[in-house]
Amino acid sequence: RVAEPHLLGMIKSKKMLLIFQVGGLSRSGALPDWRTVNVSMMSDLTILDDAFPGPRSETSGTGSNFTAVWAVVQ
């Protein structure tokens, strides 16, 4: 997956990351789109030199199920 991280927090005592997936493979549906990823299930990460412009306006409540929020792209 190629993704932009937007929010790091907790859902039901699990560390979760809200991403905007812009590339790669997905069984969850069409791209680009929002995904919530369990941090403990992430592996083989690579930080790319590419940057993204910042927060996306079309979040449409995707982060509303987080019970704690530690970091948000501003």
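Reckoned from all heavy atoms, side chains included, excluding hydrogens, waters and symmetry mates.
- Contact detail for Pro5 and Ile19: the closest heavy-atom pair is CA-CG2, 4.2 Å.
- Using a 4.5 Å cut-off between side-chain heavy atoms of Ile, Leu, Val, Met, Phe, Trp and Tyr, with links allowed through other members, Met42 and Met10 fall into the same hydrophobic cluster.
- Residues Leu7 and Leu17 fail the side-chain proximity criterion, which asks for heavy atoms closer than 4.5 Å.
- In this structure, Leu31 and Gly24 approach most closely via the heavy-atom pair CD1-O, 3.4 Å.
- Pro55 meets the side chain to side chain contact (heavy atoms under 4.5 Å, CB included) test with Val73; sequence neighbours excluded.
- Arg56 is listed as a side-chain neighbour of Glu4, based on a closest heavy-atom distance under 4.5 Å.
- Here the side chains of Asn38 and Met16 are in contact, with some heavy-atom distance below 4.5 Å.
- Atom CG of Leu48 has more than 12 neighbouring heavy atoms from other residues, nucleotides or ligands inside a 6.0 Å radius.
- Placement of Trp70 and Val37 within a single hydrophobic cluster is found when ILVMFWY residues are connected by side-chain heavy-atom separations under 4.5 Å, directly or transitively.
- Residues Gln21 and Ser26 meet the side-chain proximity criterion, which asks for heavy atoms closer than 4.5 Å.
- Counting heavy atoms from C-beta on, the side chains of Val39 and Leu8 come closer than 4.5 Å.
- In this structure, Thr36 contributes its side chain and Leu18 its backbone to no donor-acceptor pair below 3.5 Å.
- In this structure, His6 and Phe20 have perpendicular ring planes: the angle between them is above 60°, well past the 30° mark.
- Around CG of Leu45, the count of heavy atoms belonging to other residues, nucleotides or ligands within 6.0 Å exceeds 12.
- A single hydrophobic cluster is seen to contain both Trp34 and Phe66, as judged by linkage of ILVMFWY side chains at heavy-atom distances under 4.5 Å, directly or through other members.
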